Each structure stands twice: as structure tokens, then as C-alpha cells.
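Model, not experiment: these values are computed from the prediction.
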Amino acid sequence: MPRIVQLLIGPELLWLFYYLLIVLTIKVSGSPIKSMDNFWEKLIYVVPFIAVPLTFGLYWTPGVERSWLLLRIWVAALAGAHFVLEKGLGAYSEQGPGIGMGYLVGLMLALVFLVIGSIVVLIKF
């Protein structure tokens with residue numbers, strides 16, 4: 001596999017996919033609408049509990065360059081979680097302090113899962 005392809009397949013591409021998925025969902029649903037509010041609230045838990053652990057799955061993906069992968073995962077996951085949560089929670093119909101706190105909770109949980117994932121990866125690899 002060419003070196004450039006190995007570098008392109010990584011956490012940045014994965015988080016870009018997550019972000020584009022949120023943008024597409026907003027565009028298709030016509031958010032902000034009240035009927036989608038429950039979906040956007042669940043995004044607070046989907047990002048840290050599903051998206052961050054899937055990012056660590058790159059360690060088990062063949063063809064991925066592992067030399068700087070942990071640092072790339074941290075940077076891409078922190079920036080990606082911010083942009084995904086910001087865009088998704090921005091589509092909530094009634095903005096207020098509750099949805100802002102949800103954003104902070106989502107980022108803190110993402111940070112916790114990054115620490116746990118890093119420990120698992122350092123022990124395993």
C-alpha cells in the first residue's frame with residue numbers, strides 16, 4: 001500500500017465522516033425542528049460512547065500507519081468531538097443552558113473515553 005494512502009486512512013478521515021453525517025442529517029431533517037430534539041440530545045452520549053471507541057479501532061485496522069496514531073487520535077477526537085457536538089446540538093430547536101451543559105458533558109465524556117482508550121492501546125500494543 002502506498003505511504004500516502006496509509007497516512008490518509010486515519011482518525012481525521014473518520015471524524016470528517018462523522019461531521020458530514022451530522023451535516024447531512026441536519027440538511028435532510030430540516031432541523032431545527034421540535035421532533036428531532038430527542039435525537040440531538042442522544043448525540044451527547046453517542047459521540048463519547050460510540051464514536052471515540054470506534055476511533056481506537058484504527059489500531060486493529062490493517063494498513064494504518066501506527067507511528068503517530070495515538071497523538072493523531074487525540075487531536076482528531078478532541079477537535080472532531082467539538083465540531084460534531086457543536087453542529088449537532090446547534091440544531092436543537094430551543095437553545096438554552098441545558099443544551100450548552102450537554103455539550104460540556106459530551107466533551108468531558110469524550111475526554112474520559114480517550115484516556116481509557118489510550119490506556120488499553122498502550123497495554124495492548
Heavy-atom side-chain proximity of [X] to [Y] below 4.5 angstrom:
X: Y18; Y: K87; value: no
X: L69; Y: V121; value: no
X: W74; Y: L111; value: yes
X: V52; Y: W15; value: yes
X: M36; Y: I26; value: no
X: F56; Y: P11; value: no
X: S118; Y: L70; value: yes

Indicate yes or no for a side-chain donor-acceptor contact from [X] to the backbone of [Y] under 3.5 Å, with no hydrogens or angles considered.
X: Y103; Y: G90; answer: no
X: E41; Y: L89; answer: no
X: R66; Y: Y59; answer: yes

Within one Ile-Leu-Val-Met-Phe-Trp-Tyr cluster: [X] and [Y], side-chain cutoff 4.5 Å:
X: V28; Y: L20; value: no
X: F17; Y: V64; value: yes
X: V105; Y: L114; value: yes
X: W68; Y: L13; value: no
X: V47; Y: L104; value: yes

message: Holding to side-chain hydrogen bond (donor to acceptor under 3.5 Å, both in side chains), I want the full list of residues that pass it with Y19, two or more places apart in sequence or in another chain.
response: none

message: Parallel, tilted or perpendicular: which one describes the rings of F49 and Y45, with boundaries at 30° and 60°?
response: tilted

query: How far apart are the C-alpha atoms of I22 and L43, what are their side-chain angles, what is the distance that settles it, and do they pass the side chain to side chain contact (heavy atoms under 4.5 Å, CB included) test?
result: CA-CA 10 Å; I22 293 297; L43 189 66; 3.8 Å; yes

Please report the interatomic distance [atom1]([X]) to [atom2]([Y]), rounded to the nearest 0.5 Å.
X: T25; Y: L21; atom1: OG1; atom2: CG; answer: 4.5 Å
X: F113; Y: M108; atom1: CZ; atom2: CE; answer: 13.5 Å
X: R72; Y: T55; atom1: CZ; atom2: OG1; answer: 11.5 Å

Closest non-hydrogen atom pair between [X] and [Y], with its separation:
X: S93; Y: P32; answer: CA-CB, 3.8 Å
X: D37; Y: I33; answer: OD1-O, 3.4 Å
X: A110; Y: A81; answer: CB-CB, 4.2 Å

query: Among I123, I116, L122, whose side-chain contact (heavy atoms from CB on, under 4.5 Å) with I119 holds?
result: I123

message: Run the ring-ring contact (aromatic ring centres under 6.0 Å, His included) test against W40 and tell me which residues pass, sequence neighbours left out.
response: none

task: List for me each residue that meets ring-ring contact (aromatic ring centres under 6.0 Å, His included) alongside F39, sequence neighbours excluded, and say none if there are none.
output: none

